[in-house]
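This report concerns only the one structure given below.
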Amino acid sequence: MLEYKIEGASLAQPAQLLPVDAEYDVVVAGGGMAGVGAAIAAARAGCKTLLAEQACALGGLATLGLVNIPLDFVSGIGAAMFKELRESQGLWHRNTDPEKHKLALDRMVKKAGVTVLLAAQAVDTVVRSRQVCGLALQCKQGRRVVLAKRVIDCSGDADTAFYAGCEVMQGRPSDGKMQACSLEFRLGGVNWDAYVQSRLKAEDPKWIALIREQAAQGWAPVAGIENHLNWMTHVPGRPEHCGMDEVSICFAHSRDCNPLDSADLTRMYMEGREQADLLWRFIKANAPGFERCWLIDTGALLGVRESRRVAGEYVLTGADIARWRHFDDVVCISGHGYDIHNPDAPGNIKWITMEIDGRQRYVVCNMGGLGTSMDPPGGKAVLCDCAGRSGAAMRFPSPAYYDIPYRCLVPAQVDNLLVAGRCLSADFAAQSGCRLIMACLTMGEAAGTAAAISLRRNILPRRVDRLELQQTLLRNGVNLGQQFRKIPGLAAEDGGRFDDHQNTTHLVGE
């Protein structure tokens with residue numbers, strides 16, 4: 001109870017004693033894909049581990065957000081997750097059933113021995129002499145404290161790191177604006193076969209011309225939402241080839257977003273539902289095969305792509321991705337290029353500005369960059385690779401992948417804390433590429449593994465030997481790109497062989 005005692009424009013809050021519930025080796029804040037990976041890795045390594053999540057289920061956007069496309073490299077805990085999904089018929093190619101995905105993650109954390117606490121939001125960080133030693137959680141029974149020897153921030157918004165006093169970054173450098181947010185939705189009653197065989201699918205698969213036509217006829221809301229279909233996936237385990245398919249769609253977008261403000265989050269949730277209602281009717285009226293479709297639901301979780309990013313020992317840059325750069329302390333790899341959902345206008349931006357030979361150029365990191373739906377000044381003809389080559393002269397590595405170094409998971413200013421997921425240490429452009437579901441999961445696995453090593457060695461997480469960390473990750477089946485290149489310092493017996501073709505992981509690009 002707060003006593004009504006106003007001082008100026010504020011209400012006085014007296015000091016209070018918070019009950020300490022328990023002490024853990026590792027506490028993970030946030031139960032999205034990064035948090036699941038971190039908690040399972042730490043628990044498997046023998047750590048007493050708590051996973052605290054504010055929502056009603058694990059998985060974050062992959063489950064509650066209906067983003068049922070776990071893209072990027074599959075390895076380690078990710079491979080175990082795919083196996084679990086297949087066994088429950090919750091996976092088809094790279095499409096998942098969000099409901100079965102929740103259950104798969106429940107089973108995986110239980111099997112690993114993780115203590116899970118849902119409906120528990122991290123609202124403050126306990127710090128002593130620059131070292132994080134616990135979290136304050138807002139639970140139904142009130143605010144409680146859990147103490148921890150190591151904390152891993154997988155909150156997406158870097159809440160725990162921010163409360164601990166870490167330096168954070170947010171938004172694009174020019175004005176601080178953050179990427180557009182989306183609210184996904186699902187449609188039922190789709191005749192998928194009719195759509196696949198339609199002229200629209202063959203000639204205009206992203207519906208760019210269709211949307212432009214409709215906007216020209218005065219349907220302004222469509223132009224204000226997005227200028228193309230972002231993605232559409234099947235939901236597995238549903239009727240197929242009988243005119244009753246179920247699909248998940250990313251189309252609705254909000255701009256000028258501040259995901260760190262509850263009032264703006266409210267605006268985006270309501271705006272997203274209004275857009276979903278308008279868009280499914282647009283699809284029903286204009287897309288072949290959708291004539292009998294209906295809106296099933298919208299995501300319970302808003303698709304926030306970016307908010308705070310922690311300033312770590314290394315900041316991954318857009319130039320690193322353009323050059324497909326590799327690092328000695330690699331703990332995760334990604335094959336995904338720039339994917340900047342324009343903060344203030346329709347369109348996805350798949351290029352960055354870089355200075356090459358004293359000139360500002362517009363650089364893509366793969367051929368998928370030519371599919372940008374917001375062209376730079378001068379149009380697609382001015383796009384080039386990182387060496388300044390344009391048109392047919394552009395060259396990209398094969399396989400094309402870049403590394404996320406361990407230093408991007410280590411905050412520069414605070415100890416006993418690691419971060420993983422979309423709040424990693426990266427600039428605006430780089431973060432747009434390395435935030436996919438499987439990359440976040442692997443970052444979490446790396447952070448949980450590093451936390452366990454630091455406890456076993458009785459050293460700070462920033463002092464963890466990268467070779468020991470990589471050797472452990474390789475033993476656990478994580479793909480560090482060892483089948484593509486020699487990682488310095490790793491021997492063949494570590495699994496770090498360039499010619500190791502037994503690795504079954506694979507790359508999914510744009």
Side-chain angles (χ1 to χ4, degrees), residues 30-41 53 55 57-109 154 156 182 184-186 230-238 246-250 299-305 331-337 339 341 368 401 404 420-422 424 431-448 476-479 503-510:
M33 299 308 298
V36 167
I40 290 175
E53 165 57 40
L58 301 177
L61 285 179
T63 56
L64 296 170
L66 306 182
V67 182
N68 67 325
I69 45 171
L71 296 180
D72 229 332
F73 287 92
V74 180
S75 66
I77 292 170
M81 182 183 76
F82 269 46
K83 181 175 182 291
E84 188 81 32
L85 285 166
R86 286 192 191 95
E87 289 175 354
S88 65
Q89 296 184 323
L91 180 71
W92 179 79
H93 295 284
R94 281 304 184 97
N95 303 162
T96 59
D97 178 335
E99 195 59 39
K100 290 179 179 177
H101 204 163
K102 294 177 194 173
L103 187 59
L105 298 179
D106 287 347
R107 290 169 174 168
M108 289 178 70
V109 293
C154 300
S182 299
E184 320 310 334
F185 59 91
R186 289 189 289 189
N230 199 59
W231 53 257
M232 178 164 57
T233 63
H234 266 95
V235 180
R238 305 294 196 270
E246 184 176 315
V247 298
S248 186
I249 295 179
C250 179
L301 186 64
L302 184 72
V304 176
R305 295 179 171 86
V331 292
C332 176
I333 61 174
S334 175
H336 191 237
D339 188 12
H341 288 243
Y401 73 99
I404 298 171
R422 66 174 171 85
L424 83 160
Q431 191 269 357
S432 77
C434 58
R435 56 174 169 75
L436 290 186
I437 287 172
M438 299 312 297
C440 288
L441 180 63
T442 301
M443 279 187 262
E445 181 170 359
N476 292 335
V478 175
N479 186 356
N503 192 304
T504 59
T505 58
H506 56 285
L507 173 68
V508 173
E510 287 288 304

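Side-chain atoms of Arg186 never come within 3.5 Å of backbone atoms of Ser248 as a donor-acceptor pair (strictly under, hydrogens ignored). A side-chain donor-acceptor contact under 3.5 Å links Glu445 to the backbone of Ile77. Thr63 places a side-chain N or O within 3.5 Å of a backbone atom of Leu58 that can act as its donor or acceptor partner. Without hydrogens or angle criteria, Asn95 side chain to His234 main chain gives a donor-acceptor distance under 3.5 Å. Checked by atom type and distance alone, the side chain of Glu184 never pairs as donor or acceptor with a backbone atom of Asn68 at under 3.5 Å. Judged by distance alone, with hydrogens and angles left aside, the side-chain atoms of Asn476 form no donor-acceptor pair with the main-chain N or O of Val478 at under 3.5 Å. Gln431 places a side-chain N or O within 3.5 Å of a backbone atom of Arg422 that can act as its donor or acceptor partner.
Atom CE of Met438 and atom CZ of Phe82 lie 5.0 Å apart (nearest 0.5 Å). If you take CD1 on Ile437 and CZ on Arg94, they are separated by 10.0 Å, rounding to the nearest 0.5 Å. The distance from the CG atom of Asn479 to the SG atom of Cys332 is 9.0 Å, given to the nearest 0.5 Å. For the atom pair SG of Cys250 and CD1 of Ile69, the computed distance is 7.5 Å after rounding to the nearest 0.5 Å. Distance check, rounded to the nearest 0.5 Å: CG of Leu436 to CG of Leu441 gives 12.0 Å. Atom CZ in Arg107 sits 15.0 Å away from atom CE in Met81 (nearest 0.5 Å).
Within the 4.5 Å cutoff, side-chain heavy atoms of Pro70 are placed close to those of Thr96. Annotation: side chain of Pro98 is in contact with side chain of Val235 (closest heavy-atom distance under 4.5 Å). Using a 4.5 Å cut-off on side-chain heavy atoms (C-beta onward), Leu424 and Ile404 make contact.
Contact record, Ala447 with Ala420: CB-CB, 4.2 Å, taken as the closest heavy-atom pair. Considering every non-hydrogen atom in both Cys440 and Gly421, the closest pair reads SG-CA, 3.7 Å. Summarising the geometry of Gly303 relative to Leu61, their closest heavy-atom pair is CA-CD2, 3.6 Å, with the distance given to 0.1 Å. The shortest non-hydrogen separation linking Leu85 to His101 is CD2-CA, 3.7 Å. For the pair Cys434 and Ala439, the tightest heavy-atom approach, listed with the atom from each and the gap, is O-CB, 3.9 Å. Residues Leu66 and Trp231 approach most closely at O-CH2, 3.7 Å, considering heavy atoms.
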Using the rule given for side chain to side chain contact (heavy atoms under 4.5 Å, CB included), can you reason through Leu64 versus Lys102, listing the C-alpha separation, both sets of side-chain angles and the distance that settles it, and then say yes or no?
CA-CA 8 Å; Leu64 296 170; Lys102 294 177 194 173; 4.0 Å; yes
Step-by-step side chain to side chain contact (heavy atoms under 4.5 Å, CB included) determination, Val247 to Thr233
CA-CA 5 Å; Val247 298; Thr233 63; over 6 Å; no
Verdict with supporting geometry, Met443 and Val331, side chain to side chain contact (heavy atoms under 4.5 Å, CB included):
CA-CA 7 Å; Met443 279 187 262; Val331 292; 5.8 Å; no
Take Glu87 and Lys100 through the test side chain to side chain contact (heavy atoms under 4.5 Å, CB included) and record every step on the way to the result.
CA-CA 10 Å; Glu87 289 175 354; Lys100 290 179 179 177; over 6 Å; no
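When only modelled atom types and interatomic distance are considered, Ser432 and Asp339 share no side-chain donor-acceptor pair under 3.5 Å. Using a 3.5 Å distance cut-off with no hydrogens or angles, the side chains of Ser182 and Arg305 do pair a donor with an acceptor.
Annotation for Gln89: atom CD does not count as buried by contact number, only 12 or fewer foreign heavy atoms lying within 6.0 Å.
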